[in-house]
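Below you'll find the structure, written out as structure tokens, and then a few comments.
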2 protein chains.
Amino acid sequence: MKNITTPATTVERLPLYYRYLQKMDSQGVEVISSKELGDGLGIPSTQVRKDLSYYGEFGRRGVGYEVSDLMKNLERILGLDNNWEVVLVGAGNLGQALVNYGGFKKLGLDISYVLDIDPDKVKSNLGNAQVYSMKELRRVVTDNDIRIGIIAVPSEVAQQVADELIDGGIKAIWNFAPIHLRVSEDIKVRDEDLSIGLISLSYYLSN
Amino acid sequence: MKNITTPATTVERLPLYYRYLQKMDSQGVEVISSKELGDGLGIPSTQVRKDLSYYGEFGRRGVGYEVSDLMKNLERILGLDNNWEVVLVGAGNLGQALVNYGGFKKLGLDISYVLDIDPDKVKSNLGNAQVYSMKELRRVVTDNDIRIGIIAVPSEVAQQVADELIDGGIKAIWNFAPIHLRVSEDIKVRDEDLSIGLISLSYYLSN
DNA sequence: TAGATTGTTAATCGATTAACAATC
DNA sequence: TAGATTGTTAATCGATTAACAATC
């Protein structure tokens, strides 16, 4: 294991490997080769091996990777064993869809707190999470020591929400508002801009 | 304009430029420099100019880019002037959120048809779209000559839905199911795997 | 041993960035 | 002309892939 920075693209693929291993594991597969893993995801086996090699040597030459072992290693690498609690701001259509998205809990990630400006939504429940008033944002984040926040509010208020989240102690933001958030260096922002997906398909059809 | 293939990363940024120009345009801005455009999006001005240069020369040296002119060029490049009709398969939480997502119509993209397996949802309306039965999938796609499909169904049925969409004439798929779709070379698939976003934040917090 | 598959090096390919002549 | 900003070349940086020795 060399001390080289991991490519950003590798980090994007690790979750795919992890989820495919979960699937194989549930089907009783005990050992998998980089070829089989890659084929299941449309990724070359060379790339699978290279990606994993940034973190250690998890396979056996001539044999392959033990599924349960590699899963545990990926859980550790991805930090999924932290069982992060996540706060979601904005309980509109998209926010509700995220809360009810089944995929997160299987990954040790849990949207535990939801905030919304609409008083009708406050004091009700959404999935497993209770909905709080926007005024309680800072308190909810601080009191529960939450590090990950999701922004699913209109663009106009996204920056303000980000500032408040960070003020409360949030270190990583998943931003669905189609706007560039200005945050300090130590805050990680991941933009999930849904219209890019559809526009890029339009582009490919036209070219 | 050289005959070089455009980087995939450039295509991802064009929608950002376009939307930022829309915003500036609505604020009455008539001319914008690559520096201003880039600063608004967190992208270096050099990259803005390079990206645009793959498609032509849209600016004036010493001056900048005329907002309305560059917007029109980007509309053409991105194919937004085609006013694509889009079919959405799966009217669950995520599907509903997508239909109600305001950002698409402003871009000349319209989710006009929605299909779902649940008979209760069929014959009702969702946004502007009517909901059809899954059995009508092929017919809806073919009759309306639709090229873009969105898959928002559970993973287990995603491949089958993809096959049917393609059979009906779909050429581009926006896939929200966390599974690798197997399609022929001429079909463009864009995966939008929502759990990757959250997992990658977990990764960055742990490293 | 023969066959399979890993981990890693080196080569290739692709994307970003710096620098600057062209020009408004 | 002086200042600003584009479009483009060349250099740098980063990611993928091919090839293969190591080894089960």
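Chain letters run A, B, ... following the sequence lines, proteins first and then strands; every chain starts at 1. Atoms considered below: every heavy atom in the structure, side chains included; atoms not considered: hydrogens, waters and symmetry mates.
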(request) Indicate yes or no for a side-chain donor-acceptor contact from B:Thr142 to the backbone of B:Arg138 under 3.5 Å, with no hydrogens or angles considered. (result) yes

(message) Treating B:Lys171 as the side-chain partner and B:Ile148 as the backbone partner, does any N or O pair qualify as donor plus acceptor under 3.5 Å?
(response) no

Atom [atom1] of [X] to atom [atom2] of [N]: distance rounded to whole Å?
| X | N | atom1 | atom2 | value |
| --- | --- | --- | --- | --- |
| A:Ile43 | D:dT16 | CD1 | P | 10 Å |
| B:Phe58 | D:dT8 | CZ | C1' | 15 Å |
| A:Asn73 | C:dG7 | CG | C1' | 15 Å |
| A:Leu37 | C:dG7 | CG | C1' | 15 Å |
| A:Leu52 | C:dG7 | CG | P | 8 Å |
| A:Asp51 | D:dA15 | CG | P | 11 Å |
| A:Lys35 | C:dA4 | NZ | P | 12 Å |
| A:Ile32 | C:dT6 | CD1 | C1' | 14 Å |

(request) Assess whether side-chain hydrogen bond (donor to acceptor under 3.5 Å, both in side chains) is satisfied between A:Gln96 and A:Asn100, documenting all intermediate values. (result) CA-CA 6 Å; A:Gln96 289 178 38; A:Asn100 292 308; 5.6 Å; no

(message) Can you tell me which nucleotide in C:dT16, D:dA15, D:dT8 comes closest to the side chain of A:Thr9?
(response) D:dA15

(request) Kindly point out which of D:dG7, D:dT5, C:dT6 is positioned nearest to the side chain of B:Ser33? (result) D:dT5

(message) If a pair means Watson-Crick or G-U wobble with both distances below 3.5 Å, what does DNA chain D look like in dot-bracket form, with | marking bases paired to a different strand?
(response) ..||||||||||||||||||||||

(request) Could you tell me whether A:Asp25 and A:Lys23 make a salt bridge, using a distance below 4.0 angstrom between a side-chain N and a carboxylate O? (result) no

(message) Looking at B:Arg49 and B:Glu57, is any side-chain nitrogen of the basic one under 4.0 Å from a carboxylate oxygen of the acidic one?
(response) no

(request) Mind checking A:Ser34 for me? I need base, sugar-phosphate or nothing, with any heavy atom below 4.0 Å counting as a touch. (result) sugar-phosphate

(request) May I ask you to check whether A:Asp51 and A:Ser53 show a side-chain donor-acceptor distance below 3.5 Å? (result) no

(request) Show your reasoning for whether ring-ring contact (aromatic ring centres under 6.0 Å, His included) applies to B:Tyr17 and B:Tyr20. (result) CA-CA 5 Å; B:Tyr17 301 152; B:Tyr20 194 75; 9.3 Å; no

(request) Look at A:Tyr54 and D:dG14 and indicate whether a side-chain polar atom (N or O) is within less than 4.0 Å of OP1 or OP2. (result) no

(message) On the nucleotide D:dA15, are OP1 or OP2 found under 4.0 Å from the side-chain N or O atoms that A:Gln47 carries?
(response) no

(message) A quick test of your reading: do over 12 heavy atoms of other residues, nucleotides or ligands sit less than 6.0 Å from CD of B:Glu136?
(response) yes

(message) Other residues, nucleotides and ligands only: do more than 12 of their heavy atoms fall within 6.0 Å of CD1 on A:Ile117?
(response) no

(message) So if I define the base as every atom that isn't primed, P, OP1 or OP2, how would nucleotides 18-24 of chain C read as a B/S/- string at a heavy-atom cutoff under 4.0 Å?
(response) BB-BBBB

